[in-house]
Amino acid sequence: MKLPEKGQDWPAIKAMLESRGAGDAKWRDGKTAVYVFNAGEDVERVQKEAYAAFMSENGLGPLAFPSLAQMEKDVISMALGLLHGPEEATGAMTSGGTDSITMAVKTARDYARSQGRAREQANIILPQSAHLAFDKAAHLMDIEVRRIPLKTDGSFEADPAAMGEAVDKDTIMMVGSAPNFPHGIIDPIEALGRLAQEKGVWLHVDACVGGYFAPFARMNGEPVPPFDFEVPGVMSMSADLHKYGYAAKGASTVLFRSEDLYSFMPFDLAGWSGAPMKTPTLAGTRPGGAISAAWAVMNYLGVEGYRRLQGKVCETRKRLETGLDRLGFQVVGKPVLGLIAFHHPDLHSFALYGEIYRRGWFTSVTKQPPSLHLMLSPKHADVVDAYLADLEAACEAVRSGEAGSKPKVEARYS
Ligand SMILES: *Cc1c(COP(=O)(O)O)cnc(C)c1O
């Protein structure tokens, strides 16, 4: 497209936008289980109106927009209240999980340097299942990544003993996920916390996908192990508002155990021509709408609303598990939140993926072990039976060879 010589009127452009969207994944009807978190039309309306209300304002200017500065503080305070942040804990809003993780890694690195460590070469220790955002951050900062295989007991949890062996004097961070993205499994954060304290290493908990889910699941009685600042070794956390916080996209939180640790995050520079400009995170300009929408949705839902929605997601996952069991699938590990990966002993997951896609479902896969992958939203309560019926049909299709090439999967993964 070339920039049109003359502009067009809004109704015409709006119609073009609608027609462009017509070919996209049909997430509103619940047939998408990746990328979008569908908490219902009422939440979507709150997101939109609250976003629009501060869309032009800029979080870069807390003096010009004390409203945004206060809303961000409120969001962080609500986050820390949920995640057992101690009195001195603090944090900031970022544009997303990748941003939160990048800033946590940078902060841990600068903290280590302030202690006279890792000045030449730094490394971070990740379980194999940790999000690739850590590798991106490490790539940007020339940090070595040590990915450590998971436990071999079928739990798909991080292996603290093996991670401990990889720690050396240049290690600036160890990571646990709550839960990880590929399998939806919460790593043994207490064991990692003990290890981190023993070794004197910073432990980051990546709760991007679970930070605004796990606390409510626990209130509902789900077996959620300690995973947040309640565990003494945890120095920082990432938790995405634009996932199970049901906020508009462009909203995450990065949290630190203390003001002192946090103080290694903001950036400041006297030596340029412009006005002083201290920024807490990677961004300069920060969309006000992302802040106001997160603040509004949190206040709209409250503990009660989140408990209801997350209860619905857990319930849906259990219904799904029952159906999967009936169809002969095996679930990867024991997920307790809204992410689930599963595979069939006789049918290749990627062939099944193709069949389920042909039936109108936009879902995802996990590579290790080859599995189908779903990220469940409250909306999926309405469609889980339809999904299972289509999955059964997909199994039949793959079994009878309709699906073309169907390599037989090796069903055992340790
Ligand atoms: C989504 C996710 C991230 C990255 O978050 P973005 O908002 O996509 O940048 C990091 N870690 C985990 C566990 C995630 O699920």
Side-chain angles (χ1 to χ4, degrees), residues 32-37 47 75 79 83 91-106 108 124-140 145 147 150 156-158 173-189 192 203-215 217 224 227-228 234 236-255 281-283 286-287 290-291 293-294 297 310 313 317 332-333 335-341 363-368 371 373-377:
T32 303
V34 58
Y35 303 130
V36 177
F37 295 77
Q47 285 179 358
V75 166
L83 299 169
M93 286 185 70
T94 70
S95 65
T98 301
D99 192 348
S100 290
I101 286 167
T102 302
M103 294 319 294
V105 172
K106 177 259 192 233
I124 56 176
I125 315 267
L126 309 181
Q128 175 60 15
S129 54
H131 199 276
L132 84 176
F134 290 96
D135 302 71
K136 190 192 276 188
H139 180 70
L140 284 169
V145 174
R147 279 191 176 262
L150 303 179
F156 289 85
E157 290 175 0
M173 178 184 270
M174 279 185 355
V175 172
S177 310
N180 69 50
F181 187 78
H183 316 119
I185 301 300
I186 300 179
D187 287 327
I189 304 300
L192 288 172
L203 176 61
H204 178 86
V205 172
D206 180 16
C208 275
V209 76
Y212 297 99
F213 192 146
V224 174
F227 69 97
D228 57 22
V234 176
S236 58
M237 294 185 71
S238 39
D240 288 353
L241 290 156
H242 62 200
K243 288 183 181 159
Y244 285 106
Y246 304 118
K249 285 187 177 54
S252 173
T253 47
V254 59
L255 308 165
T281 62
L282 199 56
R286 296 204 293 160
I291 298 171
V297 170
Q310 315 307 34
V313 174
R317 196 202 72 244
V332 174
V336 297
L337 302 175
L339 288 184
I340 183 170
T363 61
S364 189
V365 296
T366 282
K367 281 199 332 244
Q368 297 172 334
S371 311
H373 182 274
L374 300 178
M375 190 154 64
L376 299 170
S377 291

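Nothing fancy with the numbering, it's 1 onward along the sequence. Both ligands and their constituent atoms are indexed starting at 1 by order of listing.
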Does Val34 have any side-chain contact (heavy atoms from CB on, under 4.5 Å) partners at least two apart in sequence or in another chain, and if so, which? Thr32, Phe362, Ser364
I need the contact residues for ligand 1: any residue with a non-hydrogen atom closer than 4.0 Å to the ligand, ordered by chain then number. Gly96, Gly97, Thr98, Ile101, His131, Pro179, Phe181, Asp206, Cys208, Val209, Asp240, His242, Lys243
Would you check if there is a donor-acceptor pair between the side chains of Ser252 and Ser100 at a distance under 3.5 Å? yes
Ser95 (side chain) donor-acceptor with Gly250 (main chain) under 3.5 angstrom: no
Set of residues satisfying side chain to side chain donor-acceptor pair (under 3.5 Å) with respect to Tyr212, sequence neighbours excluded: Thr253
Gln47 side-chain N/O to Tyr246 backbone N/O, donor-acceptor pair under 3.5 Å: yes
With Gln128 via side-chain contact (heavy atoms from CB on, under 4.5 Å) - residues at least two apart: Arg147, Leu150, Gln368
